[in-house]
Amino acid sequence: MTWNGPLIKIDNFRYEIPSSYKGKDNNLKMKTSAVIYANENMIPSIKNDDAPEQTANSTTLPGIVGKAFAMPDIHWGYGFPIGGVVATDGEEGVISPGGVGFDINCGVRLVRTNLHTEDLSKGKIQELIDEMFRNVPSGLGSKAKIRLSKQELNDVLTQGARSPVENGYGWNEDVDFLEENGCLEDADISMVSEKAKQRGMSQVGSLGAGNHFLEIQKVTKIFDTEAAKVFGVKDEGQIMVMIHTGSRGFGHQVCTDHLRVLEQAVKKYNIWLPDRQLACAPINSKEGESYLKAMACAANFAWANRQLIVHWVRESFEKVLNNSAENMDMGIVYDVCHNIAKLEEHNIDGKKRKVYVHRKGATRSFGPDSPEVPLKYRSIGQPVLIPGDMGTESYLLRGTREAEETFGSTCHGAGRVMSRHRALKKWRGEAVVEELKSRGIYVHPASLKVAAEEAPNAYKDIRTVIEVTHGAGISKKVVRFAPLGVVKG
DNA sequence: ATGTCC
């Protein structure tokens, strides 16, 4: 679908859909306007998609506070666009699984090292990637090499990252550098189906597929020396490891189960929606509360998942380089979620108000002095981790006070411009891997199909996305990374 | 993203 509605330029980085827009069927009742962050060059590809219509639709949520937002990496998603942000009143508002996404707490974790490019020959990069591929099960339907008991899974669902750390998978300090310290305390396992638990049991500690990856990266540019130093990035050539994954089949099942319940709730509470995929329920209803408690379980699952993977990444480096992870200073820089809804306090028209911020393909971007930011980083702001597509660069940004305009949110990645289906028709996996090899990037994909689907040209240019969020001030550039080796699910 | 429909 092509967007034919109004998109009014506010400034170089902001476009508005006014609340007077009536929708493609001329029956839309927008409760507020929507703002899309973009520059002029991105507008054609944004318009050539259903995402603007979905952004306009998202303003109809009961109890919406402020405007609806879409980040420069928006593209079509289930009900809400991927790259969308919507806040609803903490008491009078609704909660919507579509505004969170199927992969609950999909997110990114960055691990630093004190190694430099000269410490790792090309052969070592390949050895490390192959070792990581062996240690971290990857690909569609991949199963973990550890098998949790029922009690252990329940611990994961209620304790998040703390659970593996207490069982020897990680360092005690790790949890200090995770958003929410790697645990949402509202988790309630009785709100999770047996089927979800079944699917989750064998998948804690696996990478998954699609855009999920493990990358060995090098620092290629430092934009903000002071902030970089505080985040543990010292100079160009420093080696980092980035992990991008989520809650696997567990989160998917939680979302599916509760969507079914909330579709009924829409009728029960007499909620008008332009699209049934926006299914939601009042936050204070039985249905809304049960989704939130189950969503917290899935968020905790994802944090435990990334924690186990960090442990195996450290073990891989220890084995291949014959050194200890402590000696290599493999601490966690930070861990962010980009698919989640959380109760947060924000300044709205000069007043503090509690709102449920739905971030779907959007990253929290809290500025300096926020109590949620680790003490070590508090003078700088939250580290914001933005992964690029396979074979292109990734970014470490910092959150800003200006991001309060988006309820403390920014973009989450490059964003697709081409469907997986079209990408499969256009490219061959072998050629994609070869092309990256010729550029000095070693890729170990779980399948050649995924290599073709994830071809770099199927994505927007990450640089443009970053320039827009930097220019708009909702997150600021600190460091740029380039990949040396990739494990691709 | 996802045992791409139990």
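A note on names: the letters A, B, ... follow the listed sequences, proteins ahead of strands, and every chain is numbered from 1. All of these numbers come straight from a predicted model, not from anything done at the bench.
- Rounded to whole Å, atom P of dC6(B) lies 10 Å from atom NE2 of His252(A).
- Side-chain N/O atoms of Arg420(A) include none lying less than 4.0 angstrom from OP1 or OP2 on dT4(B).
- Within the 4.0 angstrom heavy-atom criterion, no nucleotide atom of any strand lies near Gly77(A).
- Residue Phe102(A) contributes atom CZ, which lies 12 Å from atom P of dT2(B) at whole-angstrom precision.
- Counting atom types as modelled, Lys195(A) pairs no side-chain N or O with a base atom of dT2(B) as donor and acceptor under 3.5 Å.
- Each of His75(A), His338(A), His244(A) was scored for a ring pair (Phe, Tyr, Trp, His ring centres under 6.0 Å) with His412(A), with one residue passing: His338(A).
- Both Leu140(A) and Gly210(A) lie near DNA chain B, and the one whose nearest nucleotide falls closer to the 5' end is Gly210(A).
- In this structure, Arg364(A) is positioned above the aromatic face of Phe366(A), its NZ or CZ under 6.0 Å from the six-membered ring centre and within 45° of the axis.
- For Gln253(A) and dC6(B), the CD to P distance is 9 Å, given to the nearest whole Å.
- Note: CD (Gln198(A)) to P (dC6(B)) measures 15 Å, nearest angstrom.
- Regarding Arg416(A), its CZ atom lies at a distance of 14 Å from the C1' atom of dT4(B), rounded to whole Å.
- Using a cut-off of 4.0 Å between Lys/Arg side-chain N and Asp/Glu carboxylate O, Glu263(A) and Lys268(A) are scored as not salt-bridged.
- Contact annotation for Glu453(A): no contact, since no heavy-atom pair falls under 4.0 Å across all strands.
- In this entry the distance linking CG of Asn105(A) with P of dT2(B) reads 13 Å, nearest Å.
- Side-chain N/O atoms of His252(A) and Asp103(A) include no donor and acceptor closer than 3.5 Å.
- Rounded to whole angstrom, the span from the CG atom of Leu207(A) across to the P atom of dT2(B) amounts to 9 Å.
- In this structure, Glu454(A) atom CD and dT2(B) atom C1' are separated by 14 Å, rounded to whole Å.
- Counting any heavy atom pair closer than 4.0 Å across all strands shown, Gly246(A) reaches no nucleic acid atom.
- The shortest distance between side-chain heavy atoms of Pro445(A) and Val433(A) falls below 4.5 Å.
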